[in-house]
Structures are given as structure tokens and as C-alpha cells.
Amino acid sequence: MTTNFSLAGRRALVTGAARGIGAGISKALADAGAAVMIGDVLADLGRDTALTLSAGGATVRFTPLDVTSDEAWAAAVAATIAELGGFDILINNAGIEITSLVTEVNADDLRRMCDVNIVGTMLGMKHALRAMRPGGAAGKGGSVLNISSVAATIAFPAIAGYSATKSAVDRATRIAAVESGKLGYGVRVNCLYPGLVPTDMGMKLAADIVAAGLSPSIEAAVGDVIGQTPLGRLGEVSDMADAAVFICSDAARFITGIGLPVDGGMGT
Ligand SMILES: NC(=O)c1ccc[n+]([C@@H]2O[C@H](COP(=O)([O-])OP(=O)(O)OC[C@H]3O[C@@H](n4cnc5c(N)ncnc54)[C@H](O)[C@@H]3O)[C@@H](O)[C@H]2O)c1
């Protein structure tokens with residue numbers, strides 16, 4: 001029985017990993033010994049990230065993947081199995097956030113967030129469970145980690161649509177975990193609730209909060225979030241990445257169907 005956080009010999013697909021939290025999780029998985037396939041719509045940046053992360057000798061590849069497409073998922077999973085020799089870990093990280101007050105919501109923006117955040121995550125779970133379950137193309141069980149958000153657990157202004165999609169991810173995670181367990185797939189399914197992390201997405205949200213009239217400046221908006229966070233700082237990509245390694249490792253072998261807050265206590 002393994003009781004550390006090693007991922008030696010595991011093969012992982014990480015979506016939305018050209019940059020931000022996904023790139024950080026890819027690095028941490030590779031550091032823990034996994035071979036990693038980066039899937040993203042940003043092909044040039046995704047290839048660059050894969051090249052950078054593989055410089056130290058790790059196996060990190062890139063495959064084009066638009067998570068809203070069933071066909072693209074089939075191709076990305078096939079590429080992962082073909083190039084990495086199997087498929088044991090899926091990190092459903094790709095996501096978008098389009099800020100809006102409820103009074104200003106735009107139907108197309110809402111549909112786009114539903115498409116990437118909900119449909120994309122659901123298709124990922126579909127293809128991962130099919131591939132990882134007994135008799136599947138990889139067939140050795142595994143771990144699926146969906147990236148939800150602290151926004152699924154609190155009422156943060158100007159992100160009602162986004163928060164709704166992340167609550168949907170949370171609920172779907174739990175149902176997939178129950179199905180996988182009851183049907184003997186050998187795949188654990190969990191989700192993570194990151195707090196605010198100053199990636200491209202996180203800093204745009206801070207600017208949008210100012211534009212929506214909810215805060216006088218980006219500094220004040222960030223300060224409000226820190227004030228709501230018992231540990232007194234923003235999240236870092238490495239905070240999310242280390243939690244992802246733990247959840248995907250054998251140390252978490254009896255953990256499925258949970259939402260793990262990695263938010264410094266913001267959602268408590
Ligand atoms: N940054 C935060 O504060 C924060 C907080 C909580 C949750 N999250 C979640 O963490 C995840 C990563 O966020 P981030 O901050 O790194 O964002 P980011 O915008 O920096 O990166 C998102 C990545 O997803 C990719 N992507 C977008 N649409 C895609 C699609 N259709 N198919 C494949 N890839 C696609 C982008 O190209 C990009 O590489 C998201 O699901 C986000 O909702 C972020």
C-alpha cells in the first residue's frame with residue numbers, strides 16, 4: 001500500500017493547462033512522477049508550456065482540446081493513451097468566467113459559460129470514466145478531479161452565472177462519484193473549490209468588480225477578498241496544485257464525491 005503522494009507511473013490529462021492553475025497543476029503532477037498531457041484551445045501557449053515543463057526530464061505533452069466538443073474529447077483521450085501509455089488521472093480544469101450583475105446578464109455569455117464549465121466538465125467525466133473503467137481503453141481505474149470554485153459555496157457579487165455553473169460542477173461531481181462507485185469503475189471523482197488566485201482570470205475578475213461599481217479600485221477589491229479570508233492572503237497556484245496531487249494520490253484512496261475547499265477559509 002502506498003501512503004505518500006507519489007504519482008509515479010500515472011498518466012494524466014489536464015484541461016485548460018496552457019496557463020494559470022492548470023499549468024501549475026500539470027507541473028505538480030509531473031513533479032510527483034506522473035506523465036502529463038496538456039489539453040487546451042490555446043495551441044501555441046499549450047505547446048510552449050509542455051516544452052517548459054518537460055525541460056527537467058518529465059514527460060509532458062500537448063494535445064489540442066476544446067472541452068465543449070465530444071469529438072475533441074474522444075481524440076484527446078485517445079492521444080493521451082497512445083502517447084503516455086495509459087490514462088489514470090483527469091483534471092477537469094478548463095473554465096471561463098464572464099462577470100455580470102444579475103440585472104445585466106447576457107444570454108449568450110451565460111450559455112458560453114454553461115458550455116465550457118458544465119458541458120465541458122461533464123464530457124470530460126464521460127470520456128474519463130469510459131476509458132478508465134474495467135474493459136475501457138485504459139481500464140485501470142483512476143481519479144477525476146473537477147475544478148469548481150469557492151464561488152459555488154458563497155454569494156460573491158457579480159458572478160451569479162459563473163457561480164451557478166460551478167455549483168453544477170459540484171453536484172455533477174458527487175453524482176459521478178456515486179455512479180462510479182456503485183458500478184465498480186474504480187474511479188474516484190472529486191472537486192476542488194479554489195479561492196481567488198491572481199491568474200489572468202482572477203485579476204480580470206478584480207478589475208470587473210471595480211467596473212461594476214462594487215469596489216473603488218483593484219487594490220480595494222483584492223483587499224476585500226483577503227479580508228474575507230481567515231488565512232489572510234490570496235490563493236497561489238501552488239496551493240491548488242498541491243491539493244490536486246494529494247486528491248489524485250493513493251493517500252486519498254478512500255476519498256470520493258467531495259468538494260475540497262482550498263480557499264484559506266474564505267468559504268467557511
Ligand atoms: N483564478 C481564480 O481565482 C479561480 C478561482 C476559483 C476557480 N477557478 C477555476 O480554475 C480553473 C482555472 O482557472 P485559471 O484562473 O487558471 O483561468 P485562466 O483563464 O488563467 O486559464 C484557463 C485556461 O482554460 C483554457 N480554456 C478556456 N476555454 C477552454 C475550452 N473550451 N477548452 C479547453 N481549454 C479552455 C484557457 O485557454 C486557459 O488556458 C477554471 O475552471 C476556473 O473557473 C479559478
Side-chain angles (χ1 to χ4, degrees), residues 13-28 37-50 62-73 75-76 90-99 109 111-124 127 145-154 156 158-159 161-170 172-173 191-209 218 221-222 225-226 228-229 233-241 243-244 259-264 266-267:
L13 170 59
V14 186
T15 73
R19 69 178 187 213
I21 292 171
I25 290 176
S26 298
K27 179 178 185 317
M37 182 66 83
I38 287 174
D40 205 296
V41 286
L42 299 177
D44 289 345
L45 188 58
R47 283 196 186 89
D48 285 353
T49 302
F62 172 80
T63 192
L65 171 60
D66 178 347
V67 296
T68 65
S69 160
D70 222 345
E71 295 73 29
W73 267 110
L90 170 64
I91 310 289
N92 256 324
N93 165 79
I96 59 170
E97 188 278 310
I98 307 172
T99 312
D109 289 347
R111 289 192 187 99
R112 183 72 192 141
M113 283 192 286
C114 288
D115 209 17
V116 176
N117 299 354
I118 304 176
V119 177
T121 300
M122 293 288 297
L123 290 177
H127 286 276
L145 181 63
N146 299 322
I147 307 302
S148 175
S149 172
V150 67
T153 70
I154 60 172
F156 197 84
I159 54 171
Y162 173 77
S163 301
T165 66
K166 293 299 186 176
S167 293
V169 167
D170 178 37
T173 297
C191 70
L192 211 67
Y193 309 135
L196 186 68
V197 183
T199 60
D200 290 10
M201 180 189 287
M203 290 319 291
K204 182 174 179 306
L205 172 59
D208 289 347
I209 292 290
I218 290 181
V222 169
V225 170
I226 292 173
Q228 289 175 51
T229 306
R233 64 169 172 83
L234 295 183
E236 293 173 6
V237 167
S238 65
D239 298 325
M240 310 308 139
L260 179 65
V262 188
D263 64 356
M266 187 185 184

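One-based numbering, in listed order, for ligands and for the atoms of each.
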A.B. asks: Does the salt bridge (charged side-chain N to carboxylate O under 4.0 Å, His left out) test come out yes or no for Lys166 and Asp170, once each step is laid out?
C.D. replies: CA-CA 6 Å; Lys166 293 299 186 176; Asp170 178 37; over 6 Å; no
A.B. asks: Quick test of your reading of the model: are Arg233 and Asp239 salt-bridged, counting only N-O distances below 4.0 Å?
C.D. replies: yes
A.B. asks: Roughly how far, to the nearest 0.5 Å, is the CG atom of Leu192 from the CG atom of Leu145?
C.D. replies: 5.5 Å
A.B. asks: Collect the protein residues that have a non-hydrogen atom under 4.0 Å from ligand 1 and hand them over in chain and number order.
C.D. replies: Gly16, Ala18, Arg19, Gly20, Ile21, Asp40, Val41, Leu42, Leu65, Asp66, Val67, Asn93, Ala94, Gly95, Ile96, Val116, Ile147, Ser148, Ser149, Tyr162, Lys166, Pro194, Gly195, Leu196, Val197, Thr199, Asp200, Met201, Gly202
A.B. asks: Taking atom types as modelled and ignoring hydrogens, do the side chains of Asn146 and Thr173 form a donor-acceptor contact shorter than 3.5 angstrom?
C.D. replies: yes
A.B. asks: Nearest 0.5 Å please: distance from the OG1 atom of Thr68 over to the CZ atom of Arg112.
C.D. replies: 5.5 Å
A.B. asks: Could you check whether Arg111 pairs with Asp115 (Lys NZ or Arg NE/NH1/NH2 to Asp/Glu carboxylate O, under 4.0 Å)?
C.D. replies: no
